[in-house]
Amino acid sequence: MTDIDRSPGGLAASLDRAIKGLVASSPKNCLTKLGGGPIFDEPMVGIADGDDPVFEQFKTAVGDFHMTPREAMKACLETGGMTVLDHTPVSVVSWVLPFTTAIKLSNRRETQVPSLEWNNGRWQGQEMMNELATFVMECLHNLGYTAVAPDMTPCYTVKSLPNGLAANWSQRHIAYAAGLGTFSLSDGLITPKGVAMRCGSVVTTAVIAPTPRPYPNHRANCLFYREGTCRKCAERCPAGAITEDGHDKIKCREFVVTTQPAILKRLGRDQGYVGRYLGCGMCQTGVPCESRIPKSAAQSQGG
């Protein structure tokens, strides 16, 4: 990414190609312990203006501690002894990496604990996510721009709130701002390639053409919020942590951290699992939004 069109639209197109190229070719996009199949399909890439007013809304939706892109850039650079001027342009590059069909199918068959493939994909996939963030930063640095990945720096924190844990840089909210999806009853982000995915982002001083947000509100892709139907994620949740009132993060975490490992051990299936916790993913698989934005009943009847 050196001899490219540096216009806002040109940079957006170049980053899209570069990100998709790395995911397609990286050895890290691979279940090395489970036969070597890929973890992620072709990603989606979105761009947000770092000064978009939507980022101020996250201080209410997530918490007043949630950083705007400009605040994140400043905090990340200060930890490295650098500064950024208040008038410097700020853009956000966000991406969604959908899990492969094979990984989703393996987890779709489960009812109590995640499949081995889903678990390994969650944690080995994090290595791919980190490589991708580093790659995007290097691309932008080589073009003369400053770039940071907030969740890979000391400025990234996770707070314990009365309703559960919350990060000061929520990748799902960033992806929403970048036009990549809207929220579900389970708190997941429903993208055009579904809710079974991982997402990441980088903040940069480059001026990049923003991606439009093609939805009327932050819950538009969810059948429950759109028309009062579905609730499949609630049916799939083995912890009973999803109801019409939303996602109980405390109940969910307790089940994932404590109950699921005990279930695995009782089933004699606890070999080969990795990571700090299992990953679950029940509410992201075996649901209408697993791999797409679900159609309404009327749309389904009409084909």
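In this chain, numbering begins with 1 at the start of the sequence shown.
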**Student:** In Å and rounded to the nearest 0.5 Å, what is the CZ to CZ distance from F183 to R172?
**Tutor:**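 Between F183 CZ and R172 CZ, I get 5.5 Å after rounding to 0.5 Å.
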**Student:** Do L278 and L264 make a side-chain contact, defined as non-hydrogen atoms from C-beta onward lying under 4.5 Å apart?
**Tutor:**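 Side-chain contact under 4.5 Å: yes.
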**Student:** Between the side chain of S91 and the main-chain N/O of A206, is any donor-acceptor distance below 3.5 Å?
**Tutor:**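 Confirmed, S91 side chain pairs with A206 backbone.
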**Student:** Just by modelled atom types, is the I103 backbone N or O under 3.5 Å from a matching donor or acceptor in the S106 side chain?
**Tutor:**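 Answer holds: yes.
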**Student:** Got a salt bridge between E117 and K104, using NZ or NE/NH1/NH2 to carboxylate O under 4.0 Å?
**Tutor:**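 Salt bridge absent between E117 and K104.
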**Student:** Regarding R198 and Q171, is there a side-chain donor-to-acceptor distance under 3.5 Å anywhere?
**Tutor:**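 There is no such pair between these side chains.
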**Student:** Where is the tightest heavy-atom contact between P150 and V203, given as atom of each residue plus distance?
**Tutor:**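 Looking at all heavy atoms of both residues, the shortest contact is CG-CG2, 3.9 Å.
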**Student:** Does any N or O in the side chain of H247 come within less than 3.5 Å of the main-chain N or O of A241, such that one atom is a donor and the other an acceptor?
**Tutor:**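 Side chain of H247 to backbone of A241: no pair is present.
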**Student:** Ignoring hydrogens and geometry, is there a side-chain-to-backbone donor-acceptor pair from E290 to G286 under 3.5 Å?
**Tutor:**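 A pair under 3.5 Å: yes.
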**Student:** Tell me, which pairs form a ring pair (Phe, Tyr, Trp, His ring centres under 6.0 Å) where one or both residues lie in residues 251-273, sequence neighbours left out?
**Tutor:**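 Checked against ring pair (Phe, Tyr, Trp, His ring centres under 6.0 Å) - neighbours excluded - no pair reaches residues 251-273.
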**Student:** Going by ring pair (Phe, Tyr, Trp, His ring centres under 6.0 Å), name the residues that satisfy it together with Y277, two or more places apart in sequence or in a different chain.
**Tutor:**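 For Y277 the ring pair (Phe, Tyr, Trp, His ring centres under 6.0 Å) partners, ignoring immediate neighbours, are W123.
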**Student:** I242 and C283: which non-hydrogen atoms are nearest, and at how many Å?
**Tutor:**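 So the two residues come closest at CD1-CB, 3.7 Å.
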**Student:** Could you pull out the closest heavy-atom pair between P114 and N107, with the gap in Å?
**Tutor:**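 In terms of heavy atoms, the two residues are closest at CA-OD1, 3.2 Å.
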**Student:** Checking R236 side chain against R231 main chain: does a donor-acceptor pair fall under 3.5 Å?
**Tutor:**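 No, R236 side chain to R231 backbone: no donor-acceptor pair under 3.5 Å.
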**Student:** Sub-3.5 Å donor-acceptor pair from the side chain of Q260 to the main-chain atoms of Q112, do we have one?
**Tutor:**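 The answer is yes, because a donor-acceptor pair under 3.5 Å joins these two groups.
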**Student:** Decide salt bridge (Lys or Arg N to Asp or Glu O under 4.0 Å) for K74 and E71; before the verdict, give the C-alpha distance in whole Å, the side-chain angles of both, and the deciding distance to 0.1 Å.
**Tutor:** CA-CA 5 Å; K74 183 178 180 181; E71 289 170 342; over 6 Å; no
**Student:** Out of curiosity, does M73 fall in the hydrophobic cluster containing M152 (side-chain heavy atoms, cut-off under 4.5 Å, transitive links)?
**Tutor:**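 No, separate clusters.
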**Student:** Answer yes if M67 and V158 sit in the same cluster of Ile, Leu, Val, Met, Phe, Trp and Tyr residues linked by side chain heavy atoms under 4.5 Å apart, and no otherwise.
**Tutor:**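 In one cluster with M67: V158, yes.
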**Student:** Is any side-chain heavy atom of M137 less than 4.5 Å from a side-chain heavy atom of T204?
**Tutor:**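 They are not in contact (no side-chain heavy atoms under 4.5 Å apart), so the answer is no.
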**Student:** Does one hydrophobic cluster hold both I174 and V90, with members joined at side-chain heavy-atom distances below 4.5 Å?
**Tutor:**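 Yes.
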**Student:** Would you say the side chain of N120 lies within less than 4.5 Å of the side chain of I39, judging by non-hydrogen atoms?
**Tutor:**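 They are not in contact (no side-chain heavy atoms under 4.5 Å apart), so the answer is no.
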**Student:** Between P294 and C230, is any pair of side-chain heavy atoms under 4.5 Å apart?
**Tutor:**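 Not in contact.
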**Student:** Do you reckon L116 sits in the same ILVMFWY cluster as M128, going by side-chain contacts under 4.5 Å, direct or chained?
**Tutor:**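 In one cluster with L116: M128, yes.
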**Student:** Look at the rings of Y176 and H218 and say which category their plane angle falls in: under 30° parallel, 30 to 60° tilted, over 60° perpendicular.
**Tutor:**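 Y176 vs H218 ring planes: perpendicular.
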**Student:** Would you indicate whether the side-chain heavy atoms of K232 and P288 approach each other to under 4.5 Å?
**Tutor:**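 Yes, side chains in contact.
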**Student:** Using distance alone, with no hydrogens and no angle criterion, decide if T258 and R253 have a side-chain donor and acceptor under 3.5 Å apart.
**Tutor:**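 Absent: no donor and acceptor within the cut-off.
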**Student:** Counting distance only, does the side-chain N/O of T205 pair as donor-acceptor with the main-chain N or O of T146 below 3.5 Å?
**Tutor:**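 Yes, the answer is positive, given that a donor and an acceptor are paired below the 3.5 Å cut-off.
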**Student:** Which atom pair, heavy atoms only, marks the closest approach of S184 to I190?
**Tutor:**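 Closest pair (atom of S184, atom of I190, distance): CB-CD1, 3.6 Å.
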**Student:** Keeping the roles fixed (side chain from R226, backbone from A220), state whether a donor-acceptor pair exists under 3.5 Å.
**Tutor:**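 Side chain of R226 to backbone of A220: a pair is present.
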**Student:** W118: what forms a ring pair (Phe, Tyr, Trp, His ring centres under 6.0 Å) with it, not counting sequence neighbours?
**Tutor:**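 Listed in chain order: F99.
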**Student:** Mind running side chain to side chain contact (heavy atoms under 4.5 Å, CB included) on L140 and V202 for me, showing each step along the way?
**Tutor:** CA-CA 10 Å; L140 291 162; V202 160; 4.2 Å; yes
**Student:** Taking ring pair (Phe, Tyr, Trp, His ring centres under 6.0 Å) as the test, write out the residues that go with F55, two or more places apart.
**Tutor:**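 For F55, the residues satisfying ring pair (Phe, Tyr, Trp, His ring centres under 6.0 Å) (neighbours in sequence not counted) are F58.
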**Student:** To check you understand the geometry: which heavy-atom pair defines the closest contact between A177 and V54, and what is its length?
**Tutor:**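 Answer, listing the atom of A177 first, then V54: CB-CG1, 3.7 Å.
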**Student:** Regarding D41 and K193, does a basic nitrogen lie under 4.0 Å from an acidic carboxylate oxygen?
**Tutor:**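 Not counted as a salt bridge, because no side-chain N and carboxylate O are separated by less than 4.0 Å.
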**Student:** Closer than 3.5 angstrom, by distance alone: can the side chain of N168 be matched with the main-chain N or O of T157 as a donor-acceptor pair?
**Tutor:**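 The answer is yes, because a donor-acceptor pair under 3.5 Å joins these two groups.
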**Student:** Are V148 and V92 linked, directly or through other ILVMFWY residues, by side chains that come within less than 4.5 angstrom of each other?
**Tutor:**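 Shared cluster, yes.
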**Student:** Do the side-chain N and O atoms of W169 and S201 include a donor-acceptor pair separated by under 3.5 angstrom?
**Tutor:**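 Note: W169 and S201 side chains meet the donor-acceptor criterion.
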**Student:** So do C222 and T182 actually touch side chain to side chain, heavy atoms under 4.5 Å?
**Tutor:**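 Answer no - side chains too far apart.
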**Student:** Taking ring pair (Phe, Tyr, Trp, His ring centres under 6.0 Å) as the definition, give me every residue that meets it alongside F65, ordered by chain and number, with sequence neighbours left out.
**Tutor:**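 Expected list: none.
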**Student:** Do L132 and N130 make a side-chain contact, defined as non-hydrogen atoms from C-beta onward lying under 4.5 Å apart?
**Tutor:**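 Heavy-atom side-chain distance check fails, nothing below 4.5 Å.
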**Student:** Could you check whether any side-chain N or O of R108 sits under 3.5 Å from a backbone N or O of V287, counting only pairs where one atom can act as donor and the other as acceptor?
**Tutor:**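 Not at all, since once roles are kept as given, no pair shorter than 3.5 Å links the two residues.
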**Student:** For E138 and N142, does a side-chain donor sit closer than 3.5 Å to a side-chain acceptor?
**Tutor:**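 Their side chains do not contain a donor-acceptor pair, so the 3.5 Å distance test is not met.
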**Student:** Considering only heavy atoms from C-beta outward, does the side chain of P238 approach that of T111 to under 4.5 Å?
**Tutor:**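 Heavy-atom side-chain distance check fails, nothing below 4.5 Å.
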**Student:** Could you please spell out the steps behind the side chain to side chain contact (heavy atoms under 4.5 Å, CB included) verdict for T32 and Q124?
**Tutor:** CA-CA 8 Å; T32 55; Q124 284 191 257; 2.7 Å; yes
**Student:** Salt-bridge test for E110 and R269: reply yes if a basic N is under 4.0 Å from a carboxylate O, no otherwise.
**Tutor:**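 Yes.
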**Student:** Which heavy atom of N217 sits nearest to which heavy atom of R219, and what is that distance?
**Tutor:**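 Closest approach of N217 to R219: OD1-N, 2.8 Å.
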**Student:** Can you give me every donor-acceptor pair (side chain of residues 15-26, partner residue at least two apart or in another chain, under 3.5 Å) with its distance?
**Tutor:**
residue	atom	partner	partner atom	Å
D16	OD2	K20	NZ	3.1
R17	NH2	S14	OG	3.3
S25	OG	G21	O	2.9
S25	OG	L22	O	3.4
S26	OG	K28	N	3.1
S26	OG	E131	OE1	2.4

**Student:** Does M197 form a side chain to side chain contact (heavy atoms under 4.5 Å, CB included) with T191? I'd like the steps, not just the answer.
**Tutor:** CA-CA 9 Å; M197 58 82 192; T191 77; 4.2 Å; yes
**Student:** Between K59 and E56, does at least one N-O distance fall below 4.0 Å, as a salt bridge requires?
**Tutor:**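 No, this pair does not count.
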**Student:** Could you state the interatomic distance from CG (D248) to CG (N163), rounded to the nearest 0.5 Å?
**Tutor:**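 One finds 9.0 Å between CG of D248 and CG of N163.
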